[in-house]
Protein chains: 2
Amino acid sequence: MADKLFNDTFDLPDINHMNKIVTLKDIAKALNLSISTISKALNDSYEISEDTKKKVLSYAKYHHYSPNRMAKGLKEGKSRSIGVVVCSLENNFVAQMLDGIDSYSSNKSYQIIIMQSKESAQQEIACLDLLYAGGVDGILISPASQTVDFSYLVTLQKAGLPVVLFDRLSDHIDTHKVGADNFRGAYDATVHLIDNGYKNIAHLNTNTILSIATERLNGYKQALYDRNITYRPELLRSCDYSNPKKLHQDLEAAIHYYMSLEVRPDAIFTATDQISTRCLALLNKMGYHVPGDVALIGFTNTDLADALNPALSTVNQPAFEMGQIAASKLISLIEAKIPVTEFETIMLETKVNVRASTQK
Amino acid sequence: MADKLFNDTFDLPDINHMNKIVTLKDIAKALNLSISTISKALNDSYEISEDTKKKVLSYAKYHHYSPNRMAKGLKEGKSRSIGVVVCSLENNFVAQMLDGIDSYSSNKSYQIIIMQSKESAQQEIACLDLLYAGGVDGILISPASQTVDFSYLVTLQKAGLPVVLFDRLSDHIDTHKVGADNFRGAYDATVHLIDNGYKNIAHLNTNTILSIATERLNGYKQALYDRNITYRPELLRSCDYSNPKKLHQDLEAAIHYYMSLEVRPDAIFTATDQISTRCLALLNKMGYHVPGDVALIGFTNTDLADALNPALSTVNQPAFEMGQIAASKLISLIEAKIPVTEFETIMLETKVNVRASTQK
DNA sequence: CTGTTAGCGCTTTCAC
DNA sequence: GTGAAAGCGCTAACAG
């Protein structure tokens with residue numbers, strides 16, 4: 001089956017790791033045809049006779065020929081790969097989006113290269129650098145919470161590299177953006193709390209400048225306003241999202257703070273996956289009863305929501321879909337025949353799932 | 001800053017997406033030197049004068065030169081990328097391992113390309129095919145639960161592609177393997193249950209033939225044996241791991257079955273992340289009190305264990321470390337000067353975390 | 001110390 | 001209908 005016929009060119013010192021890959025040259029030699037004929041045959045060119053095509057195809061198949069991605073990429077100036085920059089792999093919500101990205105990209109025969117910014121703007125630049133140098137055809141990015149400067153991304157874009165933002169959006173770059181309707185999600189969650197009789201609703205958010213945070217804050221404020229509840233600034237706290245330890249500390253401090261207020265909150269609306277689940281764990285650990293002492297609803301996509309103590313009311317985002325759409329937008333940009341100048345921002349619907357944590 | 005000086009070669013129809021990348025040629029032209037001189041200067045060759053090096057380096061830096069990965073890869077027969085095949089991205093445990101792999105690989109300037117088998121052996125082959133064709137320097141794989149035939153992987157290995165197994169190991173291929181001490185983890189968990197007074201301990205496992213399942217089963221059996229508890233085969237059930245829906249059905253059926261036995265189990269030891277958390281959710285949903293009606297301990301790395309209802313006793317695996325070590329083993333194989341024939345299997349320690357779900 | 005040259009695997013004119 | 005040749009960006013052997 002595996003023959004050694006064509007590997008005489010590989011008699012080099014490091015032959016040990018040389019993949020015995022069949023090349024066009026090998027096929028050409030074996031079939032007594034020229035390399036270009038083989039190439040054309042495999043690409044089903046009209047210039048080649050059916051007979052030859054058949055011969056070439058069958059030989060190629062039998063010998064497991066598959067084109068060298070790098071050679072093709074070098075030649076064509078494209079790599080059929082896209083770079084994906086996320087805050088972290090170890091994040092359920094991110095994983096769901098990546099799954100969506102992967103699903104769409106694989107279908108279109110694009111490879112994805114995932115890099116983690118770990119919420120650091122500097123690390124993010126490093127990722128972008130590597131991806132750019134690596135020759136990706138486009139970038140899909142959900143910026144780090146610490147990112148304030150999008151100029152590098154804009155530079156890459158100006159240099160001709162298509163960029164699409166997903167999940168965490170920003171006005172500092174003009175391109176396709178795919179996110180959730182964060183305002184609406186926050187609004188719905190807050191209204192849900194109010195309609196269930198909660199009046200003193202705290203809001204725990206992140207310290208990022210990304211729109212994701214302000215939109216959620218605004219949704220919360222608007223709901224209060226619409227229901228004639230006075231916004232109490234002291235019920236708004238934000239947590240440092242730059243690293244897990246800091247987040248944990250800030251969360252703990254926030255809860256202590258809330259519980260020391262003369263008018264304690266009777267409910268908390270949390271703005272992100274990490275904050276929501278950690279907050280619940282902390283409330284439990286600190287001995288507060290949810291929802292007895294304080295109700296809790298938060299943005300999170302964890303599929304463990306119903307197994308939590310108590311089952312956690314959540315605002316869900318269509319993460320998988322978000323990934324798919326982002327990938328489709330990027331690939332459409334990559335494959336566009338003419339430069340695209342009209343960009344769109346797509347907002348996907350969120351969904352409130354009511355569970356025990358907000359049922360008095 | 002961004003100059004248009006060197007892009008006259010790119011006047012093609014699809015110039016719109018052409019990255020204005022500086023090449024060796026461009027630098028050579030600009031500095032009036034030869035391409036090879038530039039190449040050597042950038043690679044800090046001893047053949048080049050300090051003066052020239054300085055000039056080249058500064059020009060390169062200023063113009064953001066970065067070598068074309070594909071050209072370099074094509075030339076050197078290496079891509080400095082490694083393929084990673086996992087069952088799913090959307091799996092907390094997997095994400096932690098990927099994080100470890102990424103951490104080590106990034107340090108060594110290897111790019112990782114992640115593909116999902118979705119527990120399908122067929123899909124797995126497709127992934128391997130793509131990775132092989134894509135020119136990765138090596139493969140890191142945690143086989144799909146449905147995989148029974150490792151011959152394709154062996155073929156790739158024989159063709160010179162280094163392969164390292166992680167997490168889910170198999171005897172059907174001889175290579176470096178990095179996993180957890182599953183026997184010991186299962187043993188410890190079962191002993192913990194017994195020592196806490198549980199006598200009728202059920203074991204919920206997967207339907208895979210991978211050693212990960214049998215090792216855990218054996219650890220469970222050995223613990224029973226060592227503590228003089230008769231192994232009751234009817235307390236062993238396995239769930240179809242090929243898709244989430246099937247898994248859920250099987251789990252539900254298993255719990256129904258357990259609870260219908262004349263001698264009900266008073267504790268369950270679950271073998272995997274998915275089974276452990278889903279089992280808890282189902283027990284809650286079906287109205288059983290944990291640990292009152294039945295105690296539960298399971299393999300899982302979820303960081304939500306303490307927020308679950310009740311807090312879940314777990315067997316933890318050093319997932320991040322496992323990823324790191326697997327990556328290091330693979331890279332050592334890739335960079336080995338002589339063919340490696342002696343392989344090792346590394347077993348990392350697991351840790352039992354006792355929480356409320358096993359406290360009578 | 002620097003330059004010339006060949007070639008990695010592929011596509012793509014342009015000849016025949 | 002087929003083939004020769006150039007070239008994508010890079011490295012390395014060999015000349016000078």
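Computed over heavy atoms, backbone and side chain alike; hydrogens, waters and symmetry mates excluded. We name chains A, B, ... by the order of the sequence lines, and we start the count at 1 in each one.
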Protein and nucleotides 13-16 of chain D: nitrogen or oxygen contacts under 3.5 angstrom:
residue: dA13(D); atom: N6; partner: K40(B); partner atom: NZ; Å: 3.4

Legend entry - K54(B) NZ - dT2(C) C1' separation (whole Å): 18 Å
Legend entry - Residue-phosphate contact under 4.0 Å: S39(A) side-chain N/O, dT11(C) OP1/OP2: yes
Legend entry - Between P of dA4(D) and CG of L24(A), the distance in whole Å: 15 Å
Legend entry - V94(B), V84(B), D167(B) screened by side-chain contact (heavy atoms from CB on, under 4.5 Å) with S142(B), the one that passes: D167(B)
Inset, instruction - Ignoring backbone atoms, test whether Y65(A) places a side-chain nitrogen or oxygen under 4.0 Å from the OP1 or OP2 oxygen of dC10(C). - result: yes
Inset, instruction - Tell me which nucleotide among dT2(C), dC10(D), dC10(C) gets nearest to the side chain of T37(B). - result: dT2(C)
Inset, instruction - Write down the distance between CD (E76(A)) and P (dA6(D)), rounded to a whole number of angstrom. - result: 21 Å
Inset, instruction - Among V85(B), L140(B), I114(B), find the residue that satisfies the side-chain contact (heavy atoms from CB on, under 4.5 Å) test when tested with L131(B). - result: V85(B)
Inset, instruction - Give the rounded distance in Å between these two atoms: CD1 of I35(B) and P of dG9(D). - result: 9 Å
Inset, instruction - Measure from CG on N32(A) to P on dA4(D) and round the result to the nearest Å. - result: 11 Å
Inset, instruction - Would you kindly give the CG-to-P distance between L31(B) and dG3(C), to the nearest whole Å? - result: 10 Å
Inset, instruction - Indicate whether any N or O donor in one side chain lies under 3.5 Å from an N or O acceptor in the other, for S49(B) and D51(B). - result: no
Inset, instruction - Scan residues 121-141 of chain B for pairs that pass salt bridge (Lys or Arg N to Asp or Glu O under 4.0 Å), counting only residues two or more places apart or in two chains. - result: none
Legend entry - Per L74(A) side chain, nearest of listed nucleotides dG3(C), dC1(C), dC8(D): dC8(D)
Legend entry - Qualifying salt bridge (Lys or Arg N to Asp or Glu O under 4.0 Å) pairs, either residue in residues 97-106 of chain A, two or more places apart: D99(A)-K118(B)
Inset, instruction - Would you state whether a donor and an acceptor, one from the side chain of K75(B) and one from the base of dG7(C), lie under 3.5 Å apart? - result: yes
Inset, instruction - Report yes if at least one side-chain N or O of K25(A) is closer than 4.0 Å to OP1 or OP2 of dC8(C); otherwise report no. - result: yes
Legend entry - Spacing of M70(A) atom CE relative to dC8(C) atom C1', expressed in whole Å: 9 Å
Legend entry - Aromatic plane relationship, F343(A) with H176(A) - under 30° parallel, 30 to 60° tilted, over 60° perpendicular: perpendicular
Legend entry - Ion pair E335(A)/R80(A), N-O distance below 4.0 Å: yes
Inset, instruction - Look at all strands and tell whether S49(B) reaches a base, only sugar-phosphate, or nothing, counting heavy atoms closer than 4.0 Å. - result: sugar-phosphate
Legend entry - Phosphate OP1/OP2 of dT11(C): any N43(A) side-chain N/O under 4.0 Å: yes
Legend entry - Between P of dC8(C) and CG of D26(A), the distance in whole Å: 10 Å
